[in-house]
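In what follows, chains are A, B, ... by sequence order, proteins preceding strands, each numbered from 1. Excluded from the calculations below are hydrogen atoms, water molecules and symmetry mates; all remaining heavy atoms, backbone and side chain alike, are included.
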There are 2 protein chains.
Amino acid sequence: MPDTVRIETAKAETTTFREVMAEILQRITEGPWGPGTLLPGEVELAEEFGCSRTTMNRALREVSELGFLDRKRKAGTRVRMAPIRQARFEMPVVRAEVEKTGAVYRYALVSREVVVAPDWLRLRMGLKARSRVVHLICLHFADGVAFQLEDRWINAGALPQALEQDFSEVGANEWLVATVPFSEVEISFLAAAADAGMVAHLDHALGDPVFCVERATWWQNAAVTLVTLAHRRGYRMTTRY
Amino acid sequence: MPDTVRIETAKAETTTFREVMAEILQRITEGPWGPGTLLPGEVELAEEFGCSRTTMNRALREVSELGFLDRKRKAGTRVRMAPIRQARFEMPVVRAEVEKTGAVYRYALVSREVVVAPDWLRLRMGLKARSRVVHLICLHFADGVAFQLEDRWINAGALPQALEQDFSEVGANEWLVATVPFSEVEISFLAAAADAGMVAHLDHALGDPVFCVERATWWQNAAVTLVTLAHRRGYRMTTRY
DNA sequence: ATGTTTATTATGTCTACACATAAGGAGTCG
DNA sequence: CGACTCCTTATGTGTAGACATAATAAACAT
C-alpha cells in the first residue's frame, strides 16, 4: 500500500476512527480541505486511509456532528462554509448544580394557585381558551442563600395530576422529569430587568440585570410547562469545549 | 422467536437502531427502567430486541449521548439518576445570524489600539507580564441598526499577525476563524448592566440589562482572544431540541 | 488484613459485505 | 419547454464475527 496515510501507533495495526477523525479535522482546519470543499466518497477515502468504509463512515459522521461537515446522500460530503461552533450547555437539575459546588441545597414553595391561563400564556404555549393552569413560584437555595427563583406554569389540561400535587416538598422540576416522558423543549437565555418578585426573593435591586432561562416543554404537541428561572446576581452560565 | 419485541413496520423486516432507541427511551421514561437501573448486557438485549449487537450498541451509545445512560466497561449500562438535559446552542458567525433573518449585514470598526494587557486581562487569560494585546471595538449592524457590540482583545504574543491587520474591513471573528485552527473555547452567557460604551452604540440606557456572551479562546495552551459580545435590547438566544 | 496478580466480563471498535434510501441527472414524452 | 420516469450514485444502516480494552472480582501472596 504505497499511498496509505495510515497513522502508525506502537501497538495498533488498524486505523481507528478517532485517528481518521483527527486527520480529517486537521485537513479541514489547516489542510487542503477549505470551506466548501467536496470531499471524495467514503470508499475512496477508506482506501486512502487504509480502513474499512464502516470506520470511515463513523469518522465522517462524528465530524459532521461536530458541525464541520454537511452530508447528503448522492450529493456527497462537503465542508461547511461557516463551521457551526456549537456550545453545549448541560442543564442540570438545580439541586445537582447547587450540590456540585459543595453547598447545601434547599427548596421552598413560595406560592401555588390554579388559574385560567392569561392571554399571553395561551398565545405563548398554544393553549385552548379557558385552559386551567397551575402557577407556581418556587425558590432554590444554596447554603441558605437564594440561588434561583422559579416561575412556572403547568398546563392542567395535559397534566391533570398537577392539580393534586401541592409541590411544597417535591420541586416541580423533579416531579415533572419523573412524570412526563421525553418531550420537545425550547430554551431561551435572556437578560431581564429585576421585577418586584425578583427583588423580594433574590439579592437584586429593582431594574438590575438578571440572567434568566426560559424553558417551554411540549409532549406530543401538547404544551406541558413554561418556566422562567431567574438567577442571583453575577450568575454566569459557562461551558468549555 | 416468542419473546421478541421487534417492532413491526410495513416494509422493514429488520429492527432499526432508531426503533431500538425509541423503545429504550420509553422504558427509561415511562417503563420499567427507572433511574439507577442496571440494564442487561448488550448481547442479551440484542437477543431480546431481535437485532445484532452492533445495532444494539449503536442505539445504546446514542441514548447515552442524549444523556440518559451511563456506560462503563465491565460495569455495564446504567440509567442516569438525573438525566443530563443538554442544550446545544449553535454559535453562528454574526454575519450568518443577521443574514438568516433576511436583514442586510454591515460591519464597522469603532476603535483599534495596541496596548500592554491590563492586569485583569492578564489574570483572565493567563498572559505573561507586559504582554501586548490588540484591543478592538466593533459594531455589527442588521438593516442599519446596531445589533451587537464586540469588545475584543487579541494576544499579540500568540498572534503577531494581528498587529498588521487593521480590521477596518474584515471582521475580527472572521479573520480569526480563517487564521487560527481548532481551538479550545470557554463560553459564558451572562446579564450585565449597560455601560457607557453600550449606551453609545446600542439602543440601551445606562444600567439596562444587556445579554452578553463572553468567549475566551486558546490554542495549544496559549491564549488567543477574549471577546465580549453585547446584544441589543430584547435579544434572546434560543434553541429547540 | 493488605497489596498484587490474574481471570472474567461488558463495552469499544474494526472488518467485510449487503441492501435501503435519498437525490441528482439523464432521458423521454407531451 | 416543462413534467415525468428511470437509472445511477453516495450515504445510511443492518448483519455476523473478531479482537481490544477497561474495570471489577476473585485468587493469591505477603
Q: Using whole Å, what does the distance between atom P of nucleotide C:dT13 and atom CG of B:L60 come to?
A: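 Spelled out: CG on B:L60 to P on C:dT13 is 13 Å.
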
Q: Looking at C:dT11, I'd like to know if its phosphate oxygens (OP1 or OP2) sit under 4.0 Å from a side-chain N or O belonging to B:T77.
A: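 Yes, B:T77 has a side-chain N/O under 4.0 Å of OP1/OP2 on C:dT11.
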
Q: Is there a side-chain polar atom (N or O) of A:N57 under 4.0 Å from OP1 or OP2 of D:dG12?
A: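 Yes, within the criterion.
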
Q: D:dT11, D:dA22, C:dC14: which one has an atom nearest the side-chain heavy atoms of B:R73?
A: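 Per side-chain heavy atoms of B:R73, the pick is D:dA22.
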
Q: Tell me: CZ of A:R58 to P of D:dG14, nearest whole Å?
A: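 So the CZ-P distance, A:R58 to D:dG14, works out to 14 Å.
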
Q: So, for B:Y235 and A:L190, which heavy atoms are closest and what is the spacing to 0.1 Å?
A: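 Of all heavy-atom pairs spanning B:Y235 and A:L190, the closest is O-CB, 4.1 Å.
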
Q: B:E44 has an atom CD; how far is it from atom C1' of C:dT9, in whole Å?
A: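 It is 13 Å, rounded to the nearest whole Å.
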
Q: Between atom CD in A:E65 and atom C1' in D:dT11, what is the gap in whole Å?
A: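 So the two atoms are 14 Å apart, to the nearest Å.
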
Q: In chain order, what residues pass the side-chain contact (heavy atoms from CB on, under 4.5 Å) check against B:A103, with sequence neighbours excluded?
A: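 In terms of side-chain contact (heavy atoms from CB on, under 4.5 Å), with neighbours along the sequence ignored, B:A103 is linked to B:V98, B:T101, B:A142, B:D143.
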
Q: Within the 3.5 Å criterion, strictly below it, is a donor on A:T225 or A:R152 matched to an acceptor on the partner's side chain?
A: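 Side-chain D/A pair, A:T225 to A:R152: present.
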
Q: Quick test of your reading of the model: are A:E42 and A:R61 salt-bridged, counting only N-O distances below 4.0 Å?
A: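 No salt bridge links A:E42 with A:R61.
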
Q: Of all the nucleotides listed (D:dT15, C:dT15, C:dT8), which has the minimum atom distance to the side chain of B:K74?
A: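 Shortest atom-to-atom distance from the side chain points to C:dT8.
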
Q: Taking the nucleotide of DNA chain D with the closest heavy atom to each, which residue, A:T54 or A:K72, is nearer the 5' end?
A: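 Counting from the 5' end, the first nearest nucleotide belongs to A:K72.
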
Q: What's the CZ-P distance between A:R78 and D:dT11, to the nearest Å?
A: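 My rounded result for the distance is 12 Å.
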
Q: Examine C:dT15: is either OP1 or OP2 under 4.0 Å from a nitrogen or oxygen in the side chain of A:T55? Give yes or no.
A: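 For A:T55, the contact criterion (side-chain N or O under 4.0 Å from OP1 or OP2 of C:dT15) is met.
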
Q: Can you find a donor-acceptor pair, distance only, under 3.5 Å between A:R53 side chain and D:dT13 base?
A: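 Such a pair is found, so the answer is yes.
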
Q: Over how many whole Å does the gap from A:E62 atom CD to C:dG12 atom P extend?
A: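 Going from A:E62 (CD) to C:dG12 (P), I get 12 Å.
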
Q: In whole angstrom, what separates A:E42's CD from C:dT21's C1'?
A: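 In whole Å, C:dT21 C1' and A:E42 CD are 14 Å from each other.
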
Q: Could you tell me the separation between the CZ atom of A:F49 and the C1' atom of C:dT13, rounded to a whole number of Å?
A: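 Interatomic distance, CZ of A:F49 to C1' of C:dT13: 18 Å.
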
Q: Ignoring hydrogens, what is the shortest heavy-atom contact between A:R80 and A:L69? Give both atom names and the distance.
A: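 Minimum heavy-atom contact is NH1-O, 3.1 Å.
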
Q: Contact class for A:R18 vs. all strands (heavy atom < 4.0 Å): base, sugar-phosphate, or nothing?
A: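 Sugar-phosphate: the residue A:R18, judged by heavy atoms under 4.0 Å, touches backbone atoms but no base.
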
